[in-house]
Structures are given as C-alpha cells and as structure tokens.
Amino acid sequence: MKTVIIGGVAGGASAAARLRRLDESAEIIVLERGGYVSFANCGLPYYIGNVITDQNNLTLQTPESFRARFNIDVRVNSEVLKIAPDAKTVLIKDLQSGSRYTESYDNLILSPGAEPIRPNLNGINSDLVFTLRNIPDTLKIKQYIESTMPKSAVVVGGGYIGVEMAENLKEAGLEVSIVELADHLIASLDFDMASDVHRYIKSKGVNLYLNNGVKAIDGQTVILQNGEIHADMVIMSVGVHPETAFAHECGIKTNRRGSIIVDRNMKTNIPHIYAVGDAVEVEDFVTKSPAFIPLAGPANKQGRIAADNIAGIPSEYNGTQGSAVLKLFDMTIATTGINEKSARAAGIDYDKTYIYSGSHASYYPAANNMSIKALWDKKTLKILGAQIVGFDGVDKRMDVLATAIRFGAKITDLTELELCYAPPFGSAKDPINMLGFVAENVIAGKIKQFFWNDVKGLPRDGSVTLLDVRTPIEVRRGKIDGFINIPLDSLREHISKIPKNKLVYVYCHSGLRSYIACRILMGNGYECFNLAGGWRLYESVIHEKAVPEYICTECK
C-alpha cells in the first residue's frame with residue numbers, strides 16, 4: 001500500500017508518523033514544497049523576539065530524521081502541480097533542478113495548509129512588507145532586523161499571530177503599532193474581555209489603531225483609513241486562506257473560501273483522497289455549522305484520523321471548538337467555544353456571566369486575579385464558550401472549560417468539579433467552581449443581572465434606585481454617575497432609606513459584594529439587579545470605548 005502525502009508540518013507529518021506506526025510495510029512519501037517538512041510554526045514569532053535563540057530548535061523533524069526513525073521518504077522542495085485522480089498519480093516539480101516527474105499512489109493525503117492573505121494595496125510588494133508562515137519567512141524578518149536595524153514596525157491585523165508578532169518586535173527593541181479593522185484585538189474575544197488586553201498592551205508601549213485599516217503603503221508611510229504611521233517595516237497579518245487551487249482543479253470539492261470539504265473520516269469527494277489541517281472545512285463543535293478554524297492541535301488530530309482510516313481503523317473527527325491560548329508579555333489570554341457574536345449569529349438563546357477570581361489563594365503571595373466570562377445555552381444549560389484574561393493559572397482553567405464543553409457539560413456541572421487545591425495553585429473553591437456557582441444562582445433566580453452596556457440606559461430620574469456598595473475609598477477612585485453609595489457592611493443599617501417600590505440596581509468592584517447586597521435586599525422584599533463583572537469590568541470597557549459615563553478622579 002502506497003500513500004503520498006502533500007504537505008508536512010502539523011497535519012501531513014502527523015499522518016505520516018501515525019501511518020507508519022500502524023503499518024510497517026506501507027510505502028509512505030511526503031512531498032513538501034518548502035525546505036522544511038516539520039517545524040514549530042507557532043514558535044516562529046519567538047525566534048524573531050530572541051526568546052528562542054537557536055534556529056535549529058524550530059525544526060522538529062528533518063527528511064533524514066524521518067527516514068531514520070520512520071522509514072518515510074520525505075522530499076522537500078517538491079511542488080505538486082497536478083493531481084490525476086483517475087490515474088491515481090500526482091505530477092511533481094523538483095524546485096531545485098526544475099525537473100518534473102509523476103508519482104503514483106494508492107491513497108493520497110492533502111495537507112497544503114493556508115497561506116497569509118496579502119491585500120491588494122499599493123505598496124504591498126515593497127521590500128519593507130513581510131508575512132509570516134514558515135521558517136524562510138522568519139529568517140527573512142530576522143535578517144532584515146539585524147541588517148537594517150529598523151526602529152519602528154507596523155503590524156496589520158490584531159489576531160493571535162499579529163499580537164504575538166507585536167510583542168516580539170517590541171521585545172526586539174522596535175516601536176510597534178497594531179492596525180486592526182475591528183473594534184478590538186483577538187476576534188475570538190468579545191469586546192468587553194478584550195478591553196483588559198487593550199489597556200495592558202498599551203501599557204507595554206504598543207500603539208493601537210482600532211476600527212482602522214490600511215489603504216496603502218508609500219515608502220515608509222503606512223496610510224490608514226484614518227491617519228498615517230511611519231514604519232521601517234510592516235508585518236501583514238490579516239488572516240490566511242487555504243492553499244487549495246491544485247485540489248480544486250482536479251475536481252475535489254471546496255467551499256467559497258477555498259477550504260476542502262471532507263467528511264468525518266477526512267475523506268474528500270474523490271475516492272482514496274483525504275485532506276487535513278488548515279486547508280479543510282471543519283464543523284464547529286458548538287454550533288455544528290461549517291467553519292474555518294486553522295489551529296495546530298486539530299490539524300494533528302485530523303492527520304491521525306486520516307491515517308487510521310487508510311489503515312482500516314474506523315476513526316472520525318467530531319469538530320473543532322477553537323480552544324486557543326496566547327502569551328502577551330506577562331499576560332495570558334485564552335478562549336474556547338463560541339463568543340457572543342457567534343452565538344447571536346447561530347440564533348442561540350444564551351445567557352452569560354463573569355467572575356473576577358484569584359489564580360490561587362489570596363493569602364499566598366503573588367496571587368493575581370483573572371477575568372472569566374462564560375456563555376451557556378438557556379434551554380440546555382450546556383456551556384457554549386468561555387474567555388479568560390489574566391496572568392497565572394489562566395491556561396489550566398481554560399483547559400478545564402474546554403474539556404467540559406467537549407464532554408457536553410452544563411454550566412451548573414462546574415459546581416461539582418473536584419479540582420486540585422493547595423494555596424500556591426488554587427483555592428478551595430476554584431475559579432471554575434465559582435463560575436458554576438454564579439451561573440447556578442442566575443439560573444435558579446437567586447440573582448438577576450444587568451450588564452455594562454445596560455448602565456447608560458438606566459434612568460437617573462429617581463424612578464429606580466442606583467446603589468454602589470463599595471467603600472468610600474473605592475468610590476473616590478472612580479464611580480458610575482448617578483449611583484448613591486452605601487457600603488455593603490452598612491447596608492442593613494441604612495436599608496430603610498431605600499424605597500421598596502422601586503427596582504434596585506447594585507454594583508461593587510467585582511460583583512461579589514453586590515451579590516451579597518442583592519440577597520440582603522431580596523430577603524427584605526426588594527427586587528434587585530446585580531452588575532455582572534462589577535465596576536472593574538465596566539470601567540475597563542468604558543475606558544476603552546471612551547464614553548464619558550463615569551467619573552474617574554484618578555484620570556483627571
């Protein structure tokens with residue numbers, strides 16, 4: 001049995017290694033257009049930022065190591081020009097010699113990946129403009145920095161790669177700006193959770209140009225829709241598209257984006273041809289709709305599944321939920337499942353809540369709070385998605401939530417999880433448990449919520465009671481206009497001052513004390529609403545939106 005694999009890196013290399021482990025007698029050929037068959041593409045920005053200092057550490061496998069360990073024939077600098085499904089052959093061009101030849105196959109796996117989008121802009125082909133996909137791209141950027149010593153860089157696009165590049169260019173000593181067409185960085189975040197990211201990245205000296213786009217590049221001037229920036233180099237990071245033209249030409253079905261359409265076995269519409277990785281259309285695990293989610297983890301799994309099916313082992317890929325984590329200087333940002341925009345687009349009736357909890361026990365040194373947001377389906381209570389922004393402990397909490405989503409957990413199931421606890425690592429009631437407790441209270445009607453975007457519309461005419469239960473010191477640091485201050489610990493003493501015939505809207509710093517206040521009020525016959533996420537979230541969002549809706553004495 002002879003299997004030809006087009007493309008290496010995550011999907012193709014994983015398929016090749018798995019197939020060899022399953023079938024020692026199989027003939028396996030990997031054809032890679034570039035000069036590297038298996039490399040750490042997620043590590044490329046960190047080589048530019050000198051976090052990874054040895055270029056060899058980026059190369060996971062070489063043709064020689066594949067041959068030695070797996071007896072796999074890896075041919076780099078080999079471009080597939082044409083697939084002939086009827087003859088079961090591929091036409092290959094040796095990019096070094098220029099010669100062409102044909103190779104037959106019994107099974108074919110396509111793993112061509114996706115290439116960076118280069119917008120049709122004036123100046124896009126300038127020597128100052130770079131994209132980042134592979135090791136040669138990385139070396140080109142690195143050599144440019146070392147040889148010309150640029151002082152400034154513009155990163156176009158605020159996704160994961162764009163933000164990682166901004167961090168590493170800053171670490172390399174450049175003045176860095178990010179230009180993003182959307183109103184926030186990291187598309188998988190909602191704006192409210194991205195607000196902390198914006199404030200933090202600006203505190204690190206990175207300039208943000210949001211709700212803005214690039215119109216042209218004129219020499220060292222990046223001309224924006226609104227304004228212009230001087231730049232000694234430009235990194236285009238506006239997304240990727242599947243590199244699948246050669247597949248489409250031979251009759252393999254693709255969608256409008258160009259992604260190859262496959263079934264759960266990773267089979268295309270043509271017999272004996274499979275496709276994996278960033279080039280394929282996947283099913284969104286949460287919404288069950290077609291999606292394009294180019295991630296290394298899913299690509300590896302898909303390669304393994306294709307190999308299993310070729311070897312006669314029934315194996316299915318059951319969708320991608322988009323679990324991802326990002327390091328931004330000392331901050332960690334993580335997401336899984338869908339955000340509010342996707343939930344609305346899918347027509348899901350969802351609810352949400354926020355918590356602000358410590359990475360470990362507050363009495364143990366160096367605890368840092370993290371912002372956690374979760375969405376769940378109102379009908380089934382199943383968790384739809386989660387977002388966490390913080391420092392220590394973010395990744396492990398998100399891994400728990402990603403696992404919960406994969407196994408179909410309800411948001412209330414989080415209350416029952418027994419997670420590891422010791423003061424240096426967590427709390428007896430872990431943030432994941434707390435997330436479940438808060439959601440459980442909302443679902444059970446023990447608390448009603450209002451949100452940061454509801455605050456502006458609350459009447460200030462006395463028809464409702466607006467209550468701030470923080471301490472006077474906290475109030476002096478900043479407050480929401482129109483709210484009266486009665487500290488939580490004095491609430492029972494002053495409760496008679498609050499009219500019972502009016503709705504009460506309460507907030508504190510994080511939502512915990514205001515929840516306690518609402519329980520006190522509800523126990524005394526009031527109808528109360530708690531500001532989800534509290535002042536901390538509200539102030540972060542409004543600060544970024546630049547809406548003069550609160551009074552911040554520290555900002556004056």
Side-chain angles (χ1 to χ4, degrees), residues 42-52 116 128-132 138 141-142 144-145 148-214 217 220-239 324-335 368 370-371 387-391 394 539-546 555:
C42 294
L44 300 181
Y46 300 102
Y47 181 67
I48 293 169
N50 297 315
V51 177
I52 298 171
L128 305 181
V129 179
F130 304 86
T131 57
L132 182 63
T138 308
I141 295 171
K142 181 90 165 177
Y144 178 83
I145 292 173
T148 67
M149 292 184 290
K151 291 182 172 57
S152 61
V154 168
V155 178
V156 184
Y160 280 87
I161 296 298
V163 170
E164 288 175 344
M165 280 301 302
E167 173 196 354
N168 282 281
L169 289 169
K170 187 68 180 178
E171 297 284 25
L174 281 73
E175 178 71 17
V176 181
S177 301
I178 299 176
V179 179
E180 170 55 52
L181 198 57
D183 64 355
H184 68 280
L185 301 177
I186 315 297
S188 54
L189 291 175
D190 290 313
F191 182 90
D192 47 20
M193 295 297 286
S195 296
D196 280 352
V197 179
H198 296 169
R199 178 173 288 186
Y200 177 75
I201 196 171
K202 287 187 287 188
S203 76
K204 291 295 185 179
V206 176
N207 306 307
L208 293 187
Y209 294 80
L210 303 174
N211 286 309
N212 215 333
V214 174
I217 300 168
Q220 293 179 307
T221 301
V222 180
I223 303 170
L224 307 180
Q225 293 172 348
N226 182 18
E228 59 183 42
I229 315 170
H230 173 86
D232 297 324
M233 63 185 301
V234 177
I235 307 292
M236 297 301 303
S237 183
V238 294
V325 65
L326 168 70
K327 172 191 173 296
L328 176 59
F329 299 101
D330 295 323
M331 178 176 271
T332 305
I333 304 147
T335 64
N368 286 301
M370 64 186 84
S371 295
Q387 303 162 42
I388 309 180
V389 176
F391 296 89
V394 169
E539 190 275 335
S540 178
V541 177
I542 299 303
H543 180 275
E544 288 304 308
K545 283 189 172 292
C555 298

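A quick note: this is a predicted structure, and the numbers were derived from the prediction, not measured.
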Query raised in the report: Distance from Lys151 atom NZ to His230 atom NE2, nearest 0.5 Å?
Result: 9.0 Å

Query raised in the report: Would you call the rings of His198 and His184 parallel, tilted or perpendicular, where under 30° means parallel and over 60° means perpendicular?
Result: tilted

Requested in this report: Take Ile145 and Met233 through the side-chain contact (heavy atoms from CB on, under 4.5 Å) test and state the conclusion after the steps.
Outcome: CA-CA 9 Å; Ile145 292 173; Met233 63 185 301; 4.0 Å; yes

Report summary line: Between Gly43 and Ile52 the two heavy atoms that sit nearest each other are O-CD1, 3.6 Å

**Report entry** CD1-CE distance between Ile48 and Met165, expressed to the nearest 0.5 angstrom
**Finding:** 3.5 Å

Query raised in the report: With a 3.5 Å cut-off and no angle check, do the side chains of Glu175 and Asn207 form a donor-acceptor pair?
Result: yes

Query - Atom pair NZ/OH of Lys327 and Tyr160 - distance to nearest 0.5 Å - result: 15.0 Å

Query raised in the report: NZ of Lys142 to CZ of Phe130: how many Å apart, nearest 0.5 Å?
Result: 13.5 Å

Report task. Decide side-chain contact (heavy atoms from CB on, under 4.5 Å) for Ile235 and Ile141; before the verdict, give the C-alpha distance in whole Å, the side-chain angles of both, and the deciding distance to 0.1 Å. Result -> CA-CA 9 Å; Ile235 307 292; Ile141 295 171; 4.0 Å; yes

Query raised in the report: Going through the checks in order, is the side-chain contact (heavy atoms from CB on, under 4.5 Å) test met by Glu180 and Leu208?
Result: CA-CA 8 Å; Glu180 170 55 52; Leu208 293 187; over 6 Å; no

Requested in this report: Write down the atom of Leu328, the atom of Tyr200, and the distance for their closest heavy-atom approach.
Outcome: O-CE2, 3.2 Å

Query raised in the report: Can you find a pair of side-chain heavy atoms, one from Leu132 and one from Ser237, that are under 4.5 Å apart?
Result: no

Query - Side chain Gln387, main chain Met193, donor-acceptor under 3.5 Å - result: no

Query - Exercise: identify the closest heavy-atom pair between Ala166 and Ile178 - result: CB-CD1, 3.6 Å

**Report entry** Distance-minimising heavy-atom pair for Ala231 and Leu128
**Finding:** O-CD1, 4.4 Å

Query raised in the report: Are Ser195 and His543 side-chain neighbours, meaning at least one heavy-atom pair lies under 4.5 Å?
Result: no

Query raised in the report: Between Thr138 and Tyr47, which heavy-atom pair has the shortest distance, and what is it?
Result: CG2-CD2, 3.6 Å

Report task. Provide the closest heavy-atom pair for Leu174 versus Pro150 in the form atom of the first, atom of the second, distance. Result -> CG-O, 3.5 Å

Query raised in the report: Do Thr221 and Ile229 come within less than 4.5 Å of each other through their side chains, counting heavy atoms only?
Result: no

Query raised in the report: Under a 4.5 Å cut-off applied to non-hydrogen side-chain atoms, are Phe391 and Met331 in contact?
Result: yes

Query raised in the report: Under a 4.5 Å cut-off applied to non-hydrogen side-chain atoms, are Leu210 and Asp183 in contact?
Result: no

**Report entry** Note, Asp232 side chain near Thr148 side chain (heavy atom, < 4.5 Å)
**Finding:** no

**Report entry** CG-CG distance between Asn226 and Asn211, expressed to the nearest 0.5 angstrom
**Finding:** 10.0 Å

Requested in this report: With the side chain counted from C-beta on, respond yes when Met370 and Thr332 share a heavy-atom pair under 4.5 Å apart, and no when they do not.
Outcome: no

Report task. First locate atom OG of Ser540, then atom CG of Asp196, and finally report the distance between them rounded to the nearest 0.5 Å. Result -> 3.5 Å

Query raised in the report: Any side-chain heavy atom of Ile333 sitting closer than 4.5 Å to one from Val394?
Result: no

